[in-house]
Amino acid sequence: MLRKTRIFTPGPTPLLPAAQFAMAAADLHHRTAEFRALYKKVLEQLQTFIGTEHDVVLLAASGTGAMEASVSNLTSPGDKVLVLTAGKFGERWTAITKAFGCQVEVVSAPYGETFSTEAIKEKLTTYTRVVFMQATETSTGVRHSVEEVAGLLRGTDTLLVVDAITGLGTSVFDVDGWGIDVIIGGSQKAVMIPPGLAYCAVSNRAWKRMEDSKSPRYYFDLRKERKAAAGGESAYTPSVALIAGLGAALDYIASEGDGDLAEGRKQLIHNAETCAAMTRAAAIDLGLMLFAPAAPAAAVTAIVSPTGMDSGVIVKGLKQQFGTVIANGQGDMKGQLFRVAHLGFFDYFDTIALIGALEQVLAAIRRPSHYEFGSGLRAAQLEYAKATSPYSEYWRAERAVLPYSAGKP
């Protein structure tokens, strides 16, 4: 049969067609009135998409570039910082802060889990200059409580920097209300365009901290970008096509909210939450274990491979039989789990198709004579019904007879 390539990885994610068209037509010079108008519009849209009054900076870089920029702009060699880590991307914060000469304290949680509030309190001191954390640990499928961490820092001089590269568009944030000083996003995630852009919203007190920070910076000097952005330009050559694509993607998200970008963002988050809930329900019904059952992310679902089986077998099976690309585990988790993404341009049909394909691959591997196709699909459809109000009563009635208990295979 035909095999259409379908990407279910947590970055890059499927591309929005309208954004692709916009990128193809983006033959603007970046020092013209036409581009300045586009750039100003996109920066304003990003403020709404993030949900902040803070200035937003856009960089031609991957999300890691904005992570490095937050360290180089907010710290000096010898500063005491606290990193919260529970996976590969938390470990990246540790590596970056050490590279800039910070004295790094670490609060770690086992892969698949989130942090203890008490453990964070024990490590925080009046000398802690910055706390660095993830909103979603993409390598393990865990969602951390940014609001809870922000609450611990309220009333202190400690800044909070959040890698929300897969969190924005999949989780709710009250950036200004909670007191997030820097929140970071990336283009190849929920905003549905290719890799190459990083963006971050920066609080007033973070801008003030930059004046005292001594770490070296040049290309990633956020003050330069802020100054240039005030005139509708970037400090250095921008990624013109990606910015045009980002504008088209944000327009599309606004259209999902009847022209209201903030409402469209809510719909985008609800979409990710629903696809994630469908996938979790299907996995449990198929006898699979969730890797992060206590704090599951909406951006990506991490599923433990069946006992004795390398998860690469499932990853390979989906690719070879259906052209479907999912992610293996990262680092020490490679071979132990597989990850399915839900952020951005995924919908009900994508999710149902992926679950159906997974049933086929598992059946081929297990080869039980009694294997019944459709049980995972039924569980997913009931989750969808739960998330859509017209069918909520039907779902409650049917949920009582499901052959599994939530959270237990």
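What you see below is based on every heavy atom in this structure, not just the backbone, and it leaves out hydrogens, waters and symmetry mates.
Minimum heavy-atom separation, G63 to A198: CA-CB, 3.9 Å. When all heavy atoms are compared, the tightest approach of L74 to R209 is O-CG, 3.6 Å. Of all heavy-atom pairs between R339 and P10, the closest is NH1-CG, 3.9 Å. Pairing each heavy atom of L197 with each of A60, the nearest pair is CD2-CA, 4.3 Å. Contact between F220 and G65 at its shortest, heavy atoms only, is CZ-CA, 3.7 Å. Of all heavy-atom pairs spanning M192 and A19, the tightest one is O-CB, 4.5 Å.
Using a distance-only test at 3.5 Å, with no hydrogens or angles considered, a donor-acceptor pair links the side chain of S215 to the main chain of T75. Under a 3.5 Å cut-off, the side chain of R265 and the backbone N or O of T48 do form a donor-acceptor pair. In this structure, D176 contributes its side chain and E53 its backbone to a donor-acceptor pair below 3.5 Å. The backbone N or O of T94 sits less than 3.5 Å from a side-chain atom of T97, completing a donor-acceptor pair. Here the side chain of Q47 pairs a donor or acceptor atom with the backbone of H54 at under 3.5 angstrom. Formation of a donor-acceptor pair under 3.5 Å by the T128 side chain with backbone atoms of V81 is not found in this model. Looking only at distances, no side-chain donor or acceptor of E137 sits under 3.5 Å from a matching main-chain atom of T85. When atom types are taken as modelled, the side chain of R378 and the backbone of A282 share no donor-acceptor pair closer than 3.5 angstrom. Using a distance-only test at 3.5 Å, with no hydrogens or angles considered, a donor-acceptor pair links the side chain of D79 to the main chain of S76. When atom types are taken as modelled, the side chain of Q267 and the backbone of E256 share no donor-acceptor pair closer than 3.5 angstrom.
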Exercise for review: Could you please spell out the steps behind the salt bridge (charged side-chain N to carboxylate O under 4.0 Å, His left out) verdict for E233 and R31?
Suggested key: CA-CA 7 Å; E233 296 189 355; R31 305 300 185 202; 3.2 Å; yes
**Study point:** Criterion side-chain hydrogen bond (donor to acceptor under 3.5 Å, both in side chains) on E148 and T117, from CA distance to verdict
**Key:** CA-CA 8 Å; E148 188 174 279; T117 303; 2.5 Å; yes
Exercise for review: Report the C-alpha separation of T138 and T166 in whole Å, then their side-chain angles, then the decisive distance to 0.1 Å, and conclude whether the side-chain hydrogen bond (donor to acceptor under 3.5 Å, both in side chains) test is met.
Suggested key: CA-CA 7 Å; T138 317; T166 55; 2.9 Å; yes
**Study point:** Derivation and outcome, side-chain contact (heavy atoms from CB on, under 4.5 Å), residues E273 and T170
**Key:** CA-CA 7 Å; E273 294 278 16; T170 64; over 6 Å; no
Exercise for review: Give the C-alpha distance, both sets of side-chain angles, the deciding distance and a yes or no for side-chain contact (heavy atoms from CB on, under 4.5 Å) between F89 and Q330.
Suggested key: CA-CA 10 Å; F89 293 100; Q330 288 184 283; 3.3 Å; yes
Practice item. Could you go through the side-chain hydrogen bond (donor to acceptor under 3.5 Å, both in side chains) check for K224 and Y219 one step at a time? Key: CA-CA 9 Å; K224 293 179 183 178; Y219 179 81; over 6 Å; no
Exercise for review: Please lay out, stage by stage, how R205 and D181 fare under the test salt bridge (charged side-chain N to carboxylate O under 4.0 Å, His left out).
Suggested key: CA-CA 7 Å; R205 68 177 193 155; D181 293 290; 2.8 Å; yes
Check your understanding: What's the verdict on side-chain contact (heavy atoms from CB on, under 4.5 Å) for I314 and M309, showing C-alpha distance, side-chain angles and the deciding distance?
Key -> CA-CA 9 Å; I314 295 172; M309 181 188 301; 3.9 Å; yes
Exercise for review: Go through the steps to decide whether D55 and V202 satisfy the test side-chain contact (heavy atoms from CB on, under 4.5 Å), and finish with yes or no.
Suggested key: CA-CA 6 Å; D55 287 339; V202 183; 5.8 Å; no
Practice item. Could you give me the CA-CA distance, side-chain angles and deciding distance for K88 and E91, then say whether salt bridge (charged side-chain N to carboxylate O under 4.0 Å, His left out) is met? Key: CA-CA 5 Å; K88 296 302 293 182; E91 292 163 9; 3.5 Å; yes
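Interatomic distance, CG of L382 versus CG of D285, reported as 9.5 Å (0.5 Å rounding). Between L28 atom CG and E34 atom CD the span is 7.0 Å, to the nearest 0.5 Å. Between atom CG of residue L343 and atom CD of residue Q188 there is a gap of 9.0 Å, rounded to the nearest 0.5 Å. Atom-to-atom distance recorded for T52:OG1 and I183:CD1 is 8.5 Å, nearest 0.5 angstrom. The distance from the CD1 atom of I50 to the SG atom of C200 is 8.0 Å, given to the nearest 0.5 Å. Between the CZ atom of R6 and the CD1 atom of I326 there is a distance of 14.5 Å, given to the nearest 0.5 Å.
Residues I352 and Q381 form a side-chain contact, since some pair of their non-hydrogen atoms from C-beta on lies under 4.5 Å apart. Using a 4.5 Å heavy-atom threshold, the side chains of L84 and V149 count as touching. Residues F291 and M333 form a side-chain contact, since some pair of their non-hydrogen atoms from C-beta on lies under 4.5 Å apart. The side-chain heavy atoms of I243 and Y39, taken from C-beta on, include a pair separated by under 4.5 Å. The shortest side-chain heavy-atom distance between L288 and P306 falls under the 4.5 Å cut-off. Side chains of R217 and R223 form a contact here, defined as non-hydrogen atoms less than 4.5 Å apart. Annotation: side chain of Q45 is in contact with side chain of L261 (closest heavy-atom distance under 4.5 Å). Within the 4.5 Å cutoff, no side-chain heavy atoms of V131 are placed close to those of V161.
Note: F173 and W178 have perpendicular aromatic rings, judged against thresholds of 30 and 60 degrees for the angle between ring planes. Below 30°, between 30° and 60°, or above 60°: for F132 and W93 the angle between ring planes is between 30° and 60°, a tilted geometry. Between Y348 and Y384, the ring-plane angle classifies as tilted under the 30° and 60° cut-offs.
Crowding of D174 atom CG: a count of heavy atoms from other residues, nucleotides or ligands under 6.0 Å exceeding 12. For E263, the CD atom counts as densely surrounded, since its 6.0 Å shell holds more than 12 non-hydrogen atoms of other residues, nucleotides or ligands. Heavy-atom contacts from other residues, nucleotides or ligands closer than 6.0 Å to CZ of F21 number 12 or fewer.
Neither side chain, E118 nor S116, offers a donor N or O lying under 3.5 Å from an acceptor on the other. Side chain to side chain, Q336 and N328 fail the donor-acceptor criterion of an N or O pair below 3.5 Å. Using modelled atom types, one finds a donor on one side chain and an acceptor on the other under 3.5 Å when comparing T301 with H342. For T158 and R129, the side-chain atoms include no donor-acceptor pair closer than 3.5 Å. Under 3.5 Å, the side chains of T114 and H144 contain a donor-acceptor pair of N or O atoms. Side-chain atoms of R143 and S171 form a donor-acceptor pair, as typed in the model, at a separation below 3.5 Å.
Less than 6.0 angstrom separates the ring centroid of F346 from the ring centroid of F8.
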